[in-house]
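So the structure is just underneath, and the comments pick up after that.
No hydrogens, no waters, no symmetry mates; every other heavy atom, side chains included, goes into these values.
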Amino acid sequence: MHEARRGTRAAVMDFLHMTRSFRKTFAVRASEWALALMLLNWSVVLFANPELFADRPSYAAIDAIMPQETWALVCFMAGAGRLIVLMINGAWRRTPHLRAAGAFIACFFWFQITLGFGQAEIWSTGMAIYPVLLVLDAYNVIRAITDAAIIDNHFKRAADNGPDNP
């Protein structure tokens, strides 16, 4: 009985810690959350419309890279993975290295999508959006790498000074 209460209490404390951490970091990471969700949503649209690439010539260059089903799957994994990293970030341990990796991977997708739409005979409105997403995620890579350097330097100084002199 006591073990069940202790487990429930720990789960509640973890949840409260995660919500406080989320409220504290969301504002400075809003673009990372939004871009991760956009990539995930892009995959959902591809899953929901299996003939999207076949029906629209503007997707021909993207389809030449890999089939629509593969795009949907890898974008889903990248978007969901990035959302998980952002949820974990700060809740248990700061993960700027993983945030940088997630933004870098997303840059690959935004770059390929931009190139694909750029090669279309007639540009769609995607050319007004995807290059901006690419630049914004490139900025997120730089921000996350900067955060990682700060964390790494902090731990290096603490290790050099020993546990009694952080």
Taking only residues two or more places apart in sequence, or in another chain, which ones meet [X] in a side chain to side chain contact (heavy atoms under 4.5 Å, CB included)?
X: I65; value: W71, Q112
X: A101; value: none
X: I142; value: T146
X: W123; value: M127

* Asked: Taking only residues two or more places apart in sequence, or in another chain, which ones meet D152 in a side-chain hydrogen bond (donor to acceptor under 3.5 Å, both in side chains)?
  -> H97

* To do: Return the set of residues passing side-chain hydrogen bond (donor to acceptor under 3.5 Å, both in side chains) with R82 (not counting sequence neighbours), or none when no residue passes.
  => D137

Return a table of donor-acceptor pairs under 3.5 angstrom between the side chains of residues 34-45 and protein atoms on other chains or two or more places apart.
unit_1, atom_1, unit_2, atom_2, d
N41, ND2, L37, O, 3.4
W42, NE1, Y130, OH, 2.9
S43, OG, L40, O, 2.6

* Within residues 30-43 or reaching into it, pairs that qualify as salt bridge (Lys or Arg N to Asp or Glu O under 4.0 Å) - sequence neighbours excluded -> E32-R99, E32-R143

* Does anything in residues 102-131 pair up under salt bridge (Lys or Arg N to Asp or Glu O under 4.0 Å), and if so which pairs, sequence neighbours excluded? -> none

* Asked: Does anything in residues 61-70 pair up under side-chain hydrogen bond (donor to acceptor under 3.5 Å, both in side chains), and if so which pairs, sequence neighbours excluded?
  -> none

* Residues clustered with I145, ILVMFWY side-chain links under 4.5 angstrom -> F104, V141

Show me the side-chain donor-acceptor pairs of residues 52-62 shorter than 3.5 Å, one per line, residues at least two apart or across chains.
none

